[in-house]
Amino acid sequence: MEELKAAKNFIEEFIEEDMRTKQNRITTRFPPEPNGYLHIGHAKALCIDFGMAKKYGGTCNLRFDDTNPTKEDAEYVEAIKYDINWLGFEWAELKFGSDYFGQCYELAVKLIKKGVAYVDDLSKDDMREYRGTLTEAGKESPFRSRSVDENLELFSRMKAGEFADGSRTLRAKIDMASPNINMRDPALYRILHMAHHQTGDKWCIYPMYDFAHPIQDAIEGITHSLCSLEYEAHRPLYDWVVEQCEFENKPRQIEFARLNLTNTIMSKRYLRRLVEEGYVSGWDDPRMPTLCGMRRRGYTPEAIRDFLARVGVSKADSTVDTAMLEHCVREDLNASAYRMMAVISPIRLVVTNWEAGRYEDVEIENLPGGEAGAHSVRFGRELYIEREDFAIDPPGKFFRLKPGGEVRLKGAYIVKCENYDVDEAGLVTTIYCTYDPATKSGECERKVKGTLHWLPDNAVPAEFRLYEPLMLTATDEDADKDFTQLMNPDSLQIKHGFVENELAKAAPGDRFQFMRVGYFAADIDHTAEKPVFNRTVGLKDSFKM
RNA sequence: UGGGGUGUAGCCAAGCGGUUAAGGCACGGGACUUUGACUCCCGCAACGUAGGUUCAAAUCCUGCCACCCCAGCCA
């Protein structure tokens, strides 16, 4: 299912070329920053990083890119590891960017000695001033021509903690007139008197991503450093660092387009706001596009991987229709989720010619075809059916129950609607039917157009949580103006209905197809007295009123 | 207006000088059905634009247009 892509993507072409002409091996890495939970966008990178390594007989490392202690926390480390494994990937080595702080420092010293790095005393604002603009060249810092010895001494004192945060930086000496702004003497190290979640108080200077990343890659023996498009303009700098540090191993950075999904907020910044401002219950709220949220909602790793394989890899900015994701989920769940009956919005149905107190167990197949066995449901005089499966005055091709109409109750008998009660508000309260004893399921030739799901009167009360997209499509500017404006008020609907008795003991995470209703997952965190089911995705419904 | 990227149907995405321009999602029609599901058939629409090179261009060249990324001591 995942191998249906025959065509090679552009990354595979590069890799194959390199394996032919450079080194006959591949090692990749997945480098999340531990500042949040992994989401479906990360899953794309995961599939590419781990997938490429596997396809070409290499390995992939997991490396936490933790060079900025102001934004990171160890809290996320375990969650990220868990999600990667859940998705089905295993790393060869587990590293932290901070493991390389010592080596980064030594290499910085090396660059200073080579005369291609210097300590700059310019303030942040001055540096911005000196950098120039997109159309005008920058100008050189007055500190750019310091002697090697002076740079060495200052850098050593930076490390020793003699200077205040922001008072100095170590910069690469490249070209202040470069048309590529990233090459205008980028900062390599900044001073930050702050404890790091991995290294504690050992360091008060931290390397920048642009300096640390290529070093980490090169040391780890990474051959292909796959990342998203926004790093394209950083590649010359990446190569510069590898070159200046004189690494034997020269990893190749290849960029690809990140994943966007319709009606889905993928920006970590906004996801964080949703959590911190209480719009959702947490990172694992089933409405979140995080892997933990999707897991709780009932998405399977197989479906996610299949989806990502279908989306493919390219450099074109794109927004994939969530319908494609949902299709993959349905396809996967259709083959594995047991068919059970649930009534989300119940209405009472009385079989008037069935004696009170008489019951009959009827069989329902677990999966179509019957090879997965069956389970039984108790049929009797009083039942529940779905409220929307009955219409007093139905539209044209309504196959469900209507006054005088006939319908089969799944696995049981054909019933005919004889009458119904309505309350003062006009709401139907009870439907009265008669059943045809000659129409027992499996022993009857007669066909009717509609088949309804139903439940006995002793069914188990359950809570159903129906999810709609959390965010409406909007621009970042809109979101900055008024975050609440983007919220979908109907993103969560809670319904109280019933499920088959067997589901009283549904294990958290179990997935089912509630016939004619949709795919649901027993809630992972449910502690309620009655079971809670999250709707993973609805069934396709070709009936339109 | 500097640099780096990207433009193939409603949405993804193959294609690499000669193809009727793959495939998937979505959509429409039909068959089947004890889930209006699934499955199975059938249909569906595209090379940003203007020139040029060539017997032949989505593929090569040039101009133009549109969109994305870069002016953090973030990643």
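Scope of the values below: all heavy atoms of this structure, side chains included, with no hydrogens, waters or symmetry mates. Below, chain A is the first sequence line, B the second, and so on; all start at residue 1.
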Check: Below 3.5 Å, does any donor atom in the side chain of A/R400 face an acceptor in the base of B/G36, or the other way round?
Finding: yes
Next item on the list: Examine B/C25: is either OP1 or OP2 under 4.0 Å from a nitrogen or oxygen in the side chain of A/H327? Give yes or no.
Entry: yes
Checklist line | B/C16 OP1/OP2 closer than 4.0 Å to side-chain N/O of A/K8 | finding: no
Notebook entry, point to check: Distance check: side-chain N/O of A/S314 vs OP1/OP2 of B/A13, anything under 4.0 Å?
Noted result: yes
Margin query: Could you check B/G52 for me: syn (within 90° of 0) or anti?
Written below: anti
Checklist line | Residue-phosphate contact under 4.0 Å: A/R235 side-chain N/O, B/G4 OP1/OP2 | finding: no
Notebook entry, point to check: For the pair made of CD in A/E386 and C1' in B/U35, what is the distance, rounded to whole Å?
Noted result: 13 Å
Check: Base, sugar-phosphate, or nothing: which does A/G138 touch, judged by heavy atoms less than 4.0 Å apart?
Finding: nothing
Notebook entry, point to check: Given the C1' atoms of B/C74 and B/C69, what is the spacing between them in whole Å?
Noted result: 15 Å
Note to self: Do the side chains of A/R258 and A/E230 get close enough for a salt bridge, i.e. N-O under 4.0 angstrom?
What the structure shows: yes
Notebook entry, point to check: For nucleotides 69-75 of chain B, read 5' to 3', which letter fits each nucleotide if B means a protein heavy atom sits under 4.0 Å from the base, S means only the sugar-phosphate is that close, and - means neither?
Noted result: SBBSBBB
Checklist line | Bracket notation of RNA chain B in which parentheses pair within the strand, [ ] cross earlier pairs, and | pairs with another strand (Watson-Crick or G-U, under 3.5 Å) | finding: .(((((((.[[[..)..(....]]].(((((.......)))))....[[[[[..)....]]]]])))))).....
Check: Under a 4.0 Å N-O cut-off, is there an ion pair linking A/R146 with A/D121?
Finding: yes
Item checked: N-O pairing of A/E232 and A/K315 below 4.0 Å -> yes
